[in-house]
Amino acid sequence: MSQTATDPRHLRTPPKRQIRLTWADERVRAIVWQVLIVGAVIGVIWWLVRNTQHNLEVRRIATGFGFLNREAGLPIGEHLIEYTPASTYLRALTVGVLNTLKVAVVGIVLATTLGTVIGIARLSKNWLLSKIAAVYVELIRDVPLLLQLLFWYTILQGLPGPRQALNPVAGVFLSNRGLKLPFLDWQVAHSWALLAFVAGCFATWLYAKAMRRKQMQDGRPRPIWPAALGLLVGLPLVVWSLGGAPTAIDWPELRGFNFRGGMTISPEYFALLIGLTTYTAGFIAEIVRAGILAVPHGQWEAAQALGLRSSTVLRQIVLPQALRVIVPPMTSQYLNLTKNSSLAVAIGYQDIVSIANTTLNQTGQAIEGIAIIMAVYLTISLSISFFMNWYNSRIALVER
Amino acid sequence: MSDIPLNTSVAGVPEAAPRQPPALTTGPIAWFRANLFSSWLNTAVTLVLAYFIVRYAISFVDWAFINAIWSVDNNQTQACRALKNSATPGACWAVITEKHRFILFGTYPYEEHWRPALVCLLFTALYVVSAMRRFWRWELAVVWAVTLTAIGILMWGGVFGLSYVPQERWGGLPITLILATFGLAFAFPLAILVALGRRSSMPAIRVLCIAYVELIRGVPLISLLFMASVMFPLFLPEGLNIDKLLRAQVAVILFAGAYLAEVVRGGLQALPKGQYEAAEALGLSYWQKTGFIILPQALRLVIPPLVNTFIGFFKDTSLVLIIGIFDLLTAGKTAIVEPAWQGFGVEVYIAISVIYFIYCFAMSRYSQNLEAELNRHRNR
Amino acid sequence: MSAALDTELHIASSIRTDAPPAILLDKVNKWYGSMHVLRDISLEVATGERVVVCGPSGSGKSTMIRCINRLEQHQEGRIVVDGTELTDDVRALDAIRREVGMVFQSFNLFPHLTILENCTLAPIWVRRMPKKDAEELAMHYLTRVKIPDQARKYPGQLSGGQQQRVAIARALCMKPKIMLFDEPTSALDPEMIKEVLDTMVGLAEDGMTMICVTHEMGFARQVADRVVFMDRGEVVEQGAPEQLFSNPSTDRLKMFLSQILRGH
């Protein structure tokens, strides 16, 4: 196959094809078609822009993002950062983005957990368990999410008021004002302990890697759980004790017509979270099931025939292969969950869509408002897409 | 080389006497043992689940049937309210008895309700006919055109002695079916063009199609619906005003087009390269090649995912609630605004869920069967 | 397709009668539901013996050898491998699986690992071998099956015959005392069958205890000390290959042989 480069016959480059300006030339046709279609698209856009400009002039609406620095004057119930109605629109929208992320991130974690459990349950040898999982998946997937959200919200609103709140466990109250939970009276020591835990996770990972490297050198496997226990539990405990070991807990209690103290989960957020989690879990369950089924039984058999333990088979053989099948559709479910969180507007949770919608109603800046919504979601979608492409190219199976 | 089957009916070969497997490995008891009580853990799981099922099934049956109130006189809902807060709560199906016509058909003139009812039947019949493989011919397109026209005539009226009903008074299930069906009918051709464009060798067209698909798929449907309700009027020349339903329909079409395009593209990619080369070698033009050879095969490959996309998008039409269009879900939500009926949302939402579930479940079962059938054909 | 093998002489027997039997099956029975798939199978394989199992499809031959390393569980009777009886005891099972290598009809290589990683996985995790040693061992066996230059590739990049040779090398890396082959050439194209059979002949020459389910009669003639014919879950007939093939005593075997010959 490899030819000597000195052979003059191999030095020739292919001749350049001449473009003849006739309809018979394929490339001329292609260029004409493209010019026509692109021209038509540009023409339509130009026409729409002209109309829009004219309409805006007639209605005396000034375009531009200047309104972002004006005072918003809209009350927002839940905010992760400091916010008052006197804050600017920009800050209100930022609060909206953070609220979207708040429900999306928590929803993704919960939906993945629930979906994985249900997906595995569907494959269970226990007939009852697998049938229940199958019925759940079928029911949840065949009813619109918006309907489910309204349903959950109605149920939460139908709960008794604070004075008759349900009290399933001491300190936990469920009423039409939402879910009240006891929470740590947050001190600096807690922050440090949390930080220590994160550092412990990182250190455990490094330690496990180092131990694996050593095993590869002398073949002797080393247990990592003693060190992991120390790093994940001991270290945060030590840091927490050094910080004075604060144990105060903020208990919610009924004062007059409402609760004081504790952590509040509003009915809007709670309904949205339940709806998004249970709905998306139905889809994730199917993905997990398909991923597990995608690893042929022969892989288990071959690994067992080699004498590998079940835990090693799972870690070294089954999971790496199942994840290849699971991760791409799973990411698109995460994306769907994030986009579906925009249904918050229907039950009054103030996410980015809801706040941008109020903004555009108050200011009349329809184009800017919708542009902001789209920009936020496009940013999220495209960054996840880029990550996916990178991940896919990294793990793609090599075939001929 | 595969296994050699041996013809066993040879004379003189005694069939070994069948022996029963040891201790209960067949029969119903064995089935229970294997599927419910195969280990300690399994038995525990079975018992716990059975306990919860029995417990919740009993309280659900109590609530939904035994204690339920099925009808009341003159919006006198006190009995329902008393029942709701009693020790033995029950459902108030009276809200459905009272409001079902409104939920199904919205504010359509009461005495003309047979028209939207017939429309719903026509739509359902159209789905059933389209689902049958022996009707997959070009005549199906004619059937669609005729049915959709008939539906338009029935809904609007104004001809054949039917009274005219303005579009503002339409509502309920027909709106949901209209949005979904017209959405599919227009989005599908758009999706095919975009899918072909994405695989075109012309860079400008490819870029346009990719931009369209990624842009639409990157944003939630709600933002498109908002755009349809507040931005479309700005786009159009002064004086030209199209109604809200049509604007929402356009948004739904644009949305569905992008998702369907990706499904169709999947089919185009799955088609073996040899099919393209064979079509080329026959000397067919691009459109002949695409229309006669490529598309018929590619679309057949992707029918199951197409049905799944359609299910998703049938459910998504409920989002028009947010911009105030009177579909099934909006009608249900409006039915309980009246003070007498406030607080019976759960019953109404369950009833609407059942309608959505019937349509979606039928479609998803159909797509599963079809997929199994197509796979069988492929494996042969 | 294996004409080259037919003409060669039978390789010398390496049966060691002094050692206890490598594998002992005593009245083994197995059912799938109510289907009786193994009926009173009794079979003794001596150390160094090479047994070829043949029979029509559904005769239970694959099920039988899969019972030997408990990929399937038998319900009645005894199976003793290398002096250890197969029971529910996990440790005994681990010990047996370490000593018994298996090659499958569909290769079952791990597609996400390179050829080298496929071979070193079990030595590292089961034999607790340092990675370097495991790789040297793997290269030794890959050289033996004549594909050392493919070590860094992935299974998907190899031909079927090459994949099956990797599967043999992977099993050999555990230095098993016994090798089980479950129709190792059935999924291969004719031109690849020979390269796999040659590898197996090489193993037989080294005195490996082998049980091989196959229809390759040439291979059976050249290598087998004994051929076992199974039908409908029973051992119908067994004996030295020449005697069995030239002088079958049951109608079932006669018919099976005539079908095999017609098939070729």
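First the proteins, then the strands, lettered A, B, ... as listed; each starts at 1. Since this is a predicted model, take the numbers as computed values, not measurements.
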Scored by heavy-atom pairs under 4.5 Å with chain A, the best of C:Asp94, C:Leu121, C:Val100 is C:Leu121
Side chain, backbone, both or neither of [X] within contact of chain A (heavy atoms, under 4.5 Å):
X: C:Leu93; result: neither
X: C:Arg70; result: neither
X: C:Met129; result: backbone

Original post:
Given side chains that start at C-beta, do those of A:Gln304 and C:Asn69 come closer than 4.5 Å, heavy atoms only?
Top reply: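 Of all side-chain heavy-atom pairs linking C:Asn69 with A:Gln304, none is under 4.5 Å.
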request  = Report yes if the side chains of A:Leu308 and C:Arg97 come closer than 4.5 Å at any heavy-atom pair, otherwise no.
outcome  =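 No - every pair of side-chain heavy atoms lies 4.5 Å or more apart.
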Legend entry - chain C contacts, top residue of A:Lys214, A:Arg309, A:Glu301 (heavy-atom pairs, under 4.5 Å):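 Highest number of pairs under 4.5 Å: A:Glu301.
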Quiz item: From A:Gln215 CD over to C:Arg128 CZ, what is the distance, rounded to the nearest 0.5 angstrom?
Solution: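 Here the interatomic distance stands at 8.0 Å.
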In Å and rounded to the nearest 0.5 Å, what is the CZ to CD1 distance from C:Phe110 to A:Ile317?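 Reported to 0.5 Å precision, the distance equals 4.0 Å.
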Quiz item: Closest heavy-atom contact between A:Gln321 and C:Pro111?
Solution: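 Minimum heavy-atom contact is OE1-CG, 3.3 Å.
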Applying a strict 4.5 Å limit to non-hydrogen atoms, the region of A:Arg212 in contact with chain C is side chain
The interface call for A:Gln299 against chain C, heavy-atom contacts under 4.5 Å, is both
